[in-house]
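These notes are about the structure you will find just below.
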Amino acid sequence: MVEERYDPKKIEPKWQAHWAENNLFRTEKDASRKKFYCLEMFPYPSGRIHMGHVRNYAIGDVIARYKRMRGFNVLHPMGWDAFGLPAENAAIKHGVHPSQWTYENISYMKGQLNKLGLSYDWDREVATCNPEYYTWNQWFFLRMYEKGLAYRKSSYVNWCPSCATVLANEQVIDLKCWRCDSVVVQKQLDQWFLKITHYAEELLQACDELTGWPEKVVTMQKNWIGKSYGLEADFAVEGTEDVIRIYTTRADTLFGATFVCLSPPHPLSSKLVADRAELAKVTALYGKAEEKIGLFTGCYCINPVNGERLPVYIANFVLMEYGTGAIMSVPAHDQRDFEFAQKYGIPIRKVIAPEGETSRPEAVEAYEDDGILINSGPYSGLKSSEARERISEEMETKGKGTKKVNFKLRDWGISRQRYWGTPIPVIYCSACGIVPVPDKDLPVILPQDVRFTGKGGSPLAESSSFVSVVCPQCGGPARRETDTMDTFVDSSWYFIAYCLGKGKVRFDGGRLPHPDLDYWMPVDQYIGGVEHAVLHLLYSRFFTRVIRDLGIISQGEPFTNLLTQGMVIKDGAKMSKSKGNVVDPDYLINRYGSDTSRLFSLFAAPPEKDLDWSDKGVEGAFRFLSRIWSLVYRNLGALSQASSRGVSDAAGLSDEGRALVRKAHQTIKKVTLDIEREYHFNTAIAALMELVNEMNGFMPKDAGDMNVLRFCLETTLLLLSPFTPHIAEELWSALENRPGTSAQVWPSWSEGLAREDEIELVIQINGKVRAKLMVPAGLPEEELKALALNDRKTAEFLGGKAVKKVIAVQGRLVNIVA
RNA sequence: GCGAGAGUGGCGGAACUGGCAGACGCGCUGGACUUAGGAUCCAGUGGGCAACCGUAGGGGUUCGACUCCCCUCUCUCGCACCA
């Protein structure tokens, strides 16, 4: 029974239950069918979903449902990025255990996702805070440790003195701690690192194969990896045995070096500077962008290319982490060096002249481009590019330097002084040193006896039952690592876990590469926010390669196609709690239903662009669905007597009927191509609206017309079903068809039936539209020209002028040049 | 500063490889039905009385430019001392 009014509350829960009871979206590996792995970035279980999730998951669901109707074996899973700071903060603030807080949130949010009618295979759900999941973080860590890909070293980190803990970069806001507002300092600490730089070259090379990714994201990845070709050269410190090794990409400017700078943490800095207090001043400003300061060491070093004596400075702007931690400074050709030289009165010597430039005005800034060498001994007159090569070779021959490729990419520091993360599976023994936890003792489970105070560093350190262990090697007393892993580790392989299914995630033993992984991977379509353009996506590319090199999987590239959806904007700003401009999905679903919520977020903008929220637009989406509803309701009696069979090859239709059938076929074509072409759902939905508008204006006069209407309605419902699955199912079943839309095949169009038999020929005179003429479609150009020239209005506008040229475009227009 | 992208009605947005600019939706105007309508339906809707003018601005290529080329402006987003 179809009610008169469209009431989503009455139909949506019914169909959600139907899908769940019949396990319609459960997927099994089936080697005989072509697979499609459709994945949306899993959410952090913060408590409730927001409109960004609705948009992200609506996009993914349309793709998954569409691909199913196209016959693919579709894997469409969902899970939870469940470790993270908010859970721990909730524990500090409200005394709820992070685990309880997280699982309660998951339960609520899972309900919200189901209310949206998303077609997930929940049998594959993962929560990263589950020991069955994070044990594999530990297992991968141990494998990497064995291969030297996980190691411990001392490094600078953001340290909040008040909270006594390390902060991630994104938790430092304007150089201050996001929680207590105290100034963050750089502190040297022992940290665990994953050697992502081992894959730097491959990660960079493979960027060129990411043809299904937005160029912007690929570029960001390339820049982040930051490969550069240069020279390492040795500058001997005068009167000592010490040598300063510098790195430069501009060997062609070697003759222009007038001083050398060391990074404050450079080992030679403290050796060359006697005055600790002065050195401390520079060190205090290390890494601060505002001001360049330096300290003359009193020492000189020798330029290997010409034997010149150059002063050695300590400079706060020189990074220890990049290159060698020391640079040669060429103020004439590097803006930073230029400013520094001016400040400290160091000479500036030009060694590169812009090509073709004769006069040389007094420099007010550095000339950083390539050019022709001057003042450079035997190299004067050469081009920069050639000089770089030749000077580097000379340095190598003389044993004073080495050509060197450098990367900006640094190894990934994963240690976090937090509770709610994966324990790093390592034991420290005073006798044996660092001892990895044996596989048989995995997982190292988070202890329950921890108090959350928000102070005093790693919470795990407070649990004596956790910290005190027996050394697996010597049996003596030992101490467990109390840091946990960065939560980005969890999300670096979850898409691989989905392929195996709940309770089946394991990577040791069995046939390798794992047959299920080889069937499902890589992800065919990944959808998520662009904020992960570098971090998560780069880490995942790294992890997938590590897993490949363990033999578990064959391919190293995880995501074939990537769609980065735009933000949801309201009142000119990104929707966010802090801005107070959020729209609550629960409210929206209650008031308009999930079909309307989905439809609006798909219709208002193409997926990759920002979406401007509009309450009125939502109502428009609801009205559209209501119109379809009442169209079926109004005609239900007659429609149930009608049959869509035969409509598509029928002669004997009324003119109006034929026109509507044509429109339907055109709509099938447009919707299909719009989805295939960059997922432009907004124009696909617009086409469906056009078809519905035409159906609304269609007055069936006989049984044949009613057959046409039924055909067009069925077509509309099928085309609509990926976007608004509930109403499609409901009306489909109201027309007494079985089974449901999601088991149906995507409609196909006939070019013949879609073709117009008449076109409106536009007649232009000198490029301006002067007349329009209905003519039969498919006329050859010559006939179009003749028709245009003979038109009454043409003569009128020509006013007797001679026709110079006539251009005809088949099926479109004729332009008469006079 | 470097890198990427975008500027189209009152608004969100259409326009495939150059071919009727403004599809579709919102809003607005008028009308119908109503005790009433912020419900629904119908019609209209870039500007201008007009010729004409209109896709950020200025040049260019072309029979023809939102689309291609050059210059300028504005905005958004990344990365920002990577030597």
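Everything numeric here is computed off the predicted structure, so don't read it as measured data. Proteins come first, then strands; the chains are lettered A, B, ... in the order of their sequence lines, and each starts at number 1.
- Distance from the side chain of A/N693 is smallest for B/rG25 among the nucleotides B/rG19, B/rG25, B/rA15.
- If you check B/rC81, B/rG19, B/rC79 against the side chain of A/F317, the one that comes closest is B/rC81.
- Comparing B/rC20, B/rG25, B/rA23 against the side chain of A/F603 picks out B/rG25 as the nearest.
- Rounded to whole Å, the separation between the P atoms of B/rU55 and B/rC68 comes to 15 Å.
- As the counterpart of B/rA39, no nucleotide is assigned, since no Watson-Crick or G-U wobble pattern has both distances under 3.5 Å.
- Counting non-hydrogen atoms under 4.0 angstrom, A/K222 reaches nothing in the nucleic acid.
- Base pairing of B/rA6: its partner is B/rU74, meeting the Watson-Crick or G-U wobble criterion (both donor-acceptor distances under 3.5 Å).
- Put simply, the side chain of A/K216 and the base of B/rC77 share no donor and acceptor less than 3.5 Å apart.
- One atom, CE of A/M774, and another, C1' of B/rC20, lie 13 Å apart when rounded to the nearest Å.
- Under the Watson-Crick or G-U wobble criterion, with both distances below 3.5 Å, B/rG18 has no partner in any strand shown.
- At the phosphate of B/rA15, OP1 or OP2 sits under 4.0 Å from a side-chain N or O atom of A/R677.
- A donor-acceptor contact closer than 3.5 angstrom is absent between the side chains of A/S540 and A/Y526.
- Nucleic acid contact for A/V330: none, since no nucleic acid atom lies under 4.0 Å from a heavy atom of the residue.
- Side-chain atoms of A/D674 and A/T683 form a donor-acceptor pair, as typed in the model, at a separation below 3.5 Å.
- B/rA65 is unpaired under the criterion used here, namely a Watson-Crick or G-U wobble arrangement in which both key atom distances are under 3.5 Å.
- With distances taken from any side-chain atom of A/K292 to the nucleotides B/rC81, B/rA14, B/rG25, the minimum falls on B/rC81.
- The nearest whole Å value for the distance from the CG atom in A/L625 to the P atom in B/rA39 is 17 Å.
- Taking atom C1' in both B/rG58 and B/rG78, one finds a spacing of 30 Å when rounded to whole Å.
- When the C1' atom is compared between B/rC77 and B/rU67, the two are found 24 Å apart, to the nearest whole Å.
- Toward the 5' end of RNA chain B, the nearer of the two residues A/A686 and A/S614, judged by each one's closest nucleotide, is A/A686.
- Taking atom P on both B/rU34 and B/rC16, the two are 47 Å apart, rounded to the nearest angstrom.
- Of the P atoms belonging to B/rG10 and B/rG54, the separation is 16 Å, rounded to the nearest Å.
- Heavy-atom neighbours of A/E678 CD from other residues, nucleotides or ligands within 6.0 Å: at or below the threshold of 12.
- Checking B/rG25 for Watson-Crick or G-U wobble geometry (two distances, each under 3.5 Å) identifies B/rC11 as its partner.
- Using a 4.0 Å heavy-atom criterion, one finds that A/N766 contacts no nucleic acid atom at all.
- Counting only N and O atoms by type, the side chains of A/Q666 and A/R755 include no donor and acceptor under 3.5 Å apart.
- Atom pair A/E678:CD and B/rG13:P shows a separation of 17 Å (rounding to whole Å applied).
- Listed nucleotides: B/rC24, B/rC20, B/rC79. Nearest to the side chain of A/K408: B/rC79.
- For the pair A/F407 CZ and B/rA83 P, the computed distance is 12 Å after rounding to whole Å.
- As rounded to the nearest Å, B/rG9 and B/rA4 have P atoms that lie 27 Å from one another.
- Nearest to the side chain of A/P606, among B/rA83, B/rG13, B/rC26, sits B/rG13.
- Checked by distance alone, A/K804 brings no side-chain donor or acceptor within 3.5 Å of a matching partner on the base of B/rC63.
- Side-chain proximity of A/W224 to the nucleotides B/rA80, B/rC24, B/rC81 is greatest for B/rA80.
- Within the shown strands, B/rG1 is the pairing partner of B/rC79 under the Watson-Crick or G-U definition, both distances less than 3.5 Å.
- Rounded to whole angstrom, the span from the CZ atom of A/F340 across to the C1' atom of B/rC81 amounts to 12 Å.
- The distance between atom CZ of A/R598 and atom P of B/rG25, rounded to the nearest whole Å, is 21 Å.
- In this structure, A/K292 forms a cation-pi arrangement with A/F317, its terminal cationic atom sitting closer than 6.0 Å to the ring centre and no more than 45° off the ring axis.
- Proximity of A/V318 to A/L262: side-chain heavy atoms (C-beta onward) are nowhere separated by under 4.5 Å.
- Picking from B/rA83, B/rC20, B/rU40 the nucleotide with the shortest atom distance to the side chain of A/R623 gives B/rU40.
- When distances run from any side-chain atom of A/S228 to the nucleotides B/rA83, B/rG27, B/rC81, the shortest one goes to B/rA83.
- Counted by atom type alone, A/D252 and A/S384 present one or more donor-acceptor pairs between their side chains at under 3.5 Å.
- Taking atom C1' on both nucleotides, B/rG19 is separated from B/rC66 by 13 Å, rounded to a whole Å.
- Among the atoms of the strands shown, base atoms are found under 4.0 Å from some heavy atom of A/E760.
- Look at A/N682 and you'll find a side-chain N or O under 4.0 angstrom from OP1 or OP2 of B/rA14.
- The residue A/G620 sits close only to the backbone: its heavy atoms come under 4.0 Å of sugar-phosphate atoms, none of a base.
- Using N1 to N3 plus N6-O4 or O6-N4 for Watson-Crick, or N1-O2 and O6-N3 for G-U wobble, each under 3.5 Å, B/rC33 pairs with nothing.
- Taking atom C1' on both nucleotides, B/rU8 is separated from B/rA36 by 41 Å, rounded to a whole Å.
- Here A/R770 lies in heavy-atom contact (under 4.0 Å) with sugar-phosphate atoms only.
- Side-chain contact between A/I763 and A/L813 is absent, with no heavy atoms from C-beta onward closer than 4.5 Å.
- Using the Watson-Crick or G-U wobble rule with both distances under 3.5 Å, B/rC49 pairs with nothing in any strand shown.
- Inspection of the A/W213 and A/E215 side chains reveals no N or O donor paired with an N or O acceptor under 3.5 Å.
- Of the candidate nucleotides B/rG12, B/rG19, B/rA23, B/rG19 has the atom lying nearest to any side-chain atom of A/Q764.
- Taking syn as a glycosidic angle within 90° of 0, B/rG5 does not qualify and is anti.
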